[in-house]
Each structure stands twice: as structure tokens, then as C-alpha cells.
> 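Here you go, one structure.
Because the structure is predicted, anything quoted here is derived from the model rather than measured.
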Amino acid sequence: MSQIPYCDSTGRLSVEVHLSYAADVFLVDRINFQRYQSGQDFDYFGGHYSKTPVTISVVGSGRWYLIVVGGGHYKYRFY
């Protein structure tokens with residue numbers, strides 16, 4: 001498995017993702033990332049996107065993981 005991007009937040013966090021193709025883009029907290037990795041149902045912010053860039057914003061402290069399924073090569077930045 002390739003490295004999953006993540007960012008630590010103290011309250012508010014946004015990510016901008018530039019996709020090559022349509023993809024599922026999710027931002028998940030630590031607990032839901034563990035559920036995702038183990039194949040369980042998980043809660044997320046995001047969805048399926050066919051237009052780029054994708055911007056997802058969350059409120060919550062802790063580590064947030066960016067999951068991109070499909071879409072080929074992508075670029076991202078947390079802010």
C-alpha cells in the first residue's frame with residue numbers, strides 16, 4: 001500500500017485535491033481510517049468527484065487522512 005497523506009489539525013482543516021480522472025476522495029479521522037484499512041464501514045467527508053479541484057473542509061482536532069481511490073495521479077495540499 002502506498003503512503004496515505006495525512007495532516008494534524010488543531011481545529012479546522014481543508015484539503016485541495018487536483019485529480020487526473022474521476023475518483024472517490026475521502027477525508028477521515030484516525031478511528032475511521034483504521035476502519036477503512038480493516039475493510040469495515042467508515043464515516044468520511046467527501047465523496048465521488050468528476051471535476052477538479054476538489055476541496056473538503058472539516059472541523060475537529062487530531063490526525064486526518066486523505067484517501068483517493070481511482071483518479072490516477074493526483075496532487076494535494078492541506079491548509
> Side-chain heavy atoms nearer than 4.5 Å, only ILVMFWY residues, links allowed to pass through others: does that put Trp64 and Val28 together?
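In one cluster with Trp64: Val28, no.
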> I need the Ser57 OG to Glu16 CD distance, nearest 0.5 Å.
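That separation rounds to 10.5 Å.
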> Could you grab the distance from atom OH of Tyr76 to atom CG of Leu19, nearest 0.5 Å is fine?
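Rounded to the nearest 0.5 Å, the OH-CG separation comes to 13.5 Å.
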> I need the His48 NE2 to Asp24 CG distance, nearest 0.5 Å.
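Interatomic distance, His48 NE2 to Asp24 CG, rounded to 0.5 Å: 6.0 Å.
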> Is it the case that more than 12 heavy atoms not belonging to Tyr6 sit under 6.0 Å from its OH atom?
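Counting other residues, nucleotides and ligands, OH of Tyr6 stays at 12 neighbours or fewer.
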> I'd like to check Tyr49 versus Ile56 (side-chain heavy atoms, cut-off strictly below 4.5 Å). Are they in contact?
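Yes, at least one pair of side-chain atoms sits under 4.5 Å.
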> Are any non-hydrogen side-chain atoms of Tyr79 and Thr55 less than 4.5 angstrom apart?
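Yes - at least one pair of side-chain heavy atoms lies under 4.5 Å apart.
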> Around Asp41, counting heavy atoms of other residues, nucleotides and ligands shown, do more than 12 lie under 6.0 Å from its CG?
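Atom CG in Asp41 is not packed in, count stays at 12 or less.
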> So, taking the atom named NE2 in His18 and the one named NZ in Lys75, what distance separates them when rounded to the nearest 0.5 Å?
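The distance works out to 8.5 Å.
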> So, for Phe42 and Phe33, is the gap between ring centers shorter than 6.0 Å?
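For Phe42 and Phe33, the ring centres are not under 6.0 Å apart.
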> Identify the heavy atoms of Cys7 and Leu13 that sit nearest to each other, and give their distance.
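Closest approach of Cys7 to Leu13: SG-CD1, 3.8 Å.
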> Is there a path of hydrophobic side-chain contacts, each under 4.5 Å between heavy atoms, that joins Phe26 and Leu66?
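Hydrophobic grouping puts Phe26 apart from Leu66.
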> Return the minimal non-hydrogen interatomic distance between Tyr65 and Arg30, and the atom names on each side.
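That would be CE1-CA, 3.9 Å.
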> Nearest 0.5 Å, what's the OG-CZ distance between Ser14 and Arg12?
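Reported value, rounded in 0.5 Å steps: 9.0 Å.
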> Working to the nearest 0.5 angstrom, can you tell me the gap between Asp43 CG and Arg35 CZ?
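Interatomic distance, Asp43 CG to Arg35 CZ, rounded to 0.5 Å: 6.5 Å.
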> Are there more than 12 heavy atoms of other residues, nucleotides or ligands under 6.0 Å from atom OH of Tyr74?
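For Tyr74, atom OH is crowded (more than 12 foreign heavy atoms under 6.0 Å).
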